[in-house]
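Remember, it's 1-based here, ligands and their atoms both numbered in the order they're listed. Quick caveat, the model's predicted, so the values are computed rather than measured.
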Amino acid sequence: MSDSLSPEATGLLTVNLAALVANWQSLAKRAGSAQCAAVVKADAYGIGLEQAAQALAKAGCDTFFVATFDEALRLRTILPTVTIYLLNGLNPGTAEVVCGIDVRPVLGSMAEFDEWEAHADETGEEAPAALHIDTGMNRHGFSLAEAESIAPRLVSDEITFTPTLVMSHLACADDPEHALNRQQIDAFSAIIKKFPGIPASLCNSAGLLAFPDAHFDLVRPGISLYGGRALNTGENPMQPVVKLQARVVTLREAKAGTTVGYGARLKLMRDSRLAIISAGYADGIFRAAGSSDNKKGAEAIVAGVRCNIAGRISMDLAAIDVTDVPVDKVKRGDLVTLLGDGISADDLAGHARTIGYEVLTSLGRRWKRIYTE
Ligand SMILES: *Cc1c(COP(=O)(O)O)cnc(C)c1O
């Protein structure tokens, strides 16, 4: 990324939309005969809802999942004809506005079901919606008993709204060996028999990658689209989508035996050179990813050399130990890479005891965002 483009920007977040599209295409291929939707909740996992959805729609994706009404509205504004599902369901009293922008709520409780049904009854609208059945996660979703009681009413056409999807969600798909996966797949396979003719969906990214026999009619990948790791073990087959670069504010020499940063938690073992960069925990470089005498911190790439974060990460600044970078190779104003060029969101997450999902969705609002096709 040419630095001269934005000399005033303190940090650059470059989103590779071509990689996003390539990831969706490769997932759609793996999905086989199942339809491949895209989960674009939380601002498309931090990369930008509008940009991500536009690129995916252009590539042929026509079904999207968001979490909130605001996200659904933003998506409907730019994509008038795609199918949009609202994962977090229906806030009380919102059936009319949700239906009004042609968004399908994912109904997961009897209260939501009753409100949606009442709205369809009153207006005579088709009111398409998904039904979420809980098969072992105890989060959103009808209990199996509730699903059993709803099914005959749907089949007998007593219900006036239009169910377009029956879905559930895997709790442990990132760990394919976990016994709960098979239990959930079996429970889901059994319950959908009570909803004949309605398309079924179970898999997130990890389920899509790990359980080809459980793709049903539609798969719902999120993290894999954005290049994140879905399965805990094995190679991550997806292309990285995000590159993060922060600017060097200053370089300083620091003597062996002195300490770096708040709390004086890292004592330097040698005379060192530090690059102070303009990114911190307010930008999503988690404080927990810092280093101390007992803990190695996250890494950054400076002039092609992998270096470690030195000491605690501040709100707006962090120190990088660049002692091993040739002196003439790094100067004030240069960009160092925090994500990209071999450092994944999952690598950064590992140093902060979290997951790549949280890194991407925490990137913050101060990065200058650049989208490449
Ligand atoms: C977030 C979410 C997904 C996508 O999950 P990934 O692990 O990011 O692929 C799919 N389905 C539901 C219900 C979700 O909440």
Side-chain angles (χ1 to χ4, degrees), residues 20 23-24 26-28 30-31 34-47 49 52-53 56 61 63-69 71-72 75 83-90 103-109 112 129-142 164-176 178 180-181 184-185 188 199-212 214-233 236-242 344-346 349 354-362:
L20 171 73
N23 286 340
W24 180 76
S26 107
L27 292 165
R30 282 171 191 265
Q35 186 189 350
C36 191
V39 178
V40 292
K41 62 194 180 188
D43 207 25
Y45 291 47
I47 76 158
L49 173 64
L56 291 170
C61 180
T63 301
F64 294 87
F65 288 80
V66 295
T68 68
F69 179 80
E71 291 169 350
L75 194 52
T83 298
I84 302 173
Y85 285 103
L86 183 47
L87 283 168
N88 284 10
L90 208 54
V103 162
R104 305 178 179 186
V106 175
L107 305 174
S109 68
E112 291 167 272
L131 303 170
H132 192 167
I133 302 170
D134 187 80
T135 52
M137 190 166 178
N138 273 319
R139 202 174 67 170
H140 196 213
F142 301 104
T164 52
L165 192 68
V166 184
M167 57 178 268
S168 189
H169 192 46
L170 295 167
C172 304
D174 57 335
D175 174 13
H178 199 292
L180 187 52
N181 289 307
Q184 288 196 270
I185 292 169
F188 189 64
S201 173
L202 179 63
C203 287
N204 58 357
S205 302
L208 163 53
L209 296 176
F211 304 115
H215 288 168
F216 297 96
D217 302 301
L218 180 145
V219 291
R220 314 184 304 267
I223 193 71
S224 287
L225 295 171
Y226 310 104
R229 165 178 284 286
L231 297 173
N232 291 340
T233 52
N236 175 4
M238 311 320 293
Q239 293 184 34
V241 170
V242 171
S344 69
D346 299 286
T354 182
I355 54 178
Y357 295 71
E358 196 177 8
V359 167
L360 292 179
T361 57
S362 301

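Annotation for ligand 1: atoms under 4.0 Å from non-hydrogen atoms of Arg139 are 15 (O).
Aromatic ring centres of Tyr357 and Tyr226: separated by at least 6.0 Å.
Under the 3.5 Å distance criterion, the side-chain polar atoms of Trp24 are matched with a main-chain donor or acceptor of Cys36. A donor-acceptor contact shorter than 3.5 Å links the side chain of Ser205 to the backbone of Ser224.
In terms of polar-atom proximity, Leu87 is not counted as a contact of ligand 1, lacking any N or O under 3.5 Å from an N or O of the ligand. An N or O contact shorter than 3.5 Å is missing between His132 and ligand 1 by distance. The shortest N or O to N or O distance between Ser224 and ligand 1 is not under 3.5 Å. Of the polar atoms of Val39, none of the N or O atoms is found under 3.5 Å from an N or O of ligand 1, judged by distance alone.
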* Carefully, step by step, assess His169 and Arg220 under the rule side-chain hydrogen bond (donor to acceptor under 3.5 Å, both in side chains). => CA-CA 10 Å; His169 192 46; Arg220 314 184 304 267; 3.2 Å; yes
* Evaluation steps, side-chain hydrogen bond (donor to acceptor under 3.5 Å, both in side chains), between His178 and Gln184 -> CA-CA 11 Å; His178 199 292; Gln184 288 196 270; over 6 Å; no
* Asked: Can you list the steps and then say if His140 with Glu112 is a side-chain contact (heavy atoms from CB on, under 4.5 Å)?
  -> CA-CA 11 Å; His140 196 213; Glu112 291 167 272; 3.1 Å; yes
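Residue contacts with ligand 1 do not include Met137, since none of its heavy atoms lies under 4.0 Å from the ligand. Taking a 4.0 Å cut-off on heavy atoms, Pro221 registers as neighbouring ligand 1.
The protein atom (non-hydrogen) at minimum distance from atom 9 (O) of ligand 1 is Ser205 OG, 2.5 Å. At the shortest separation from atom 8 (O) of ligand 1 among protein heavy atoms lies Tyr45 OH, 2.5 Å. Summary of contacts: the protein heavy atom closest to atom 5 (O) of ligand 1 is Asn204 CB, 3.4 Å. If you check which protein heavy atom lies closest to atom 11 (N) of ligand 1, you get Arg220 NE, 3.0 Å. Closest to atom 7 (O) of ligand 1 among all protein heavy atoms lies Tyr357 OH, 2.6 Å. Regarding atom 3 (C) of ligand 1, its nearest protein heavy-atom neighbour is Lys41 NZ, 3.7 Å. Nearest to atom 12 (C) of ligand 1 among the protein's heavy atoms is His169 CE1, 3.4 Å.
In this model, no donor atom of one side chain and acceptor atom of the other lie less than 3.5 Å apart for His132 and Arg139.
To the nearest 0.5 Å, the span separating CG on Asn23 from CG on Leu27 amounts to 6.5 Å. Phe211 CZ to Leu202 CG: the interatomic distance, rounded to the nearest 0.5 Å, is 9.0 Å.
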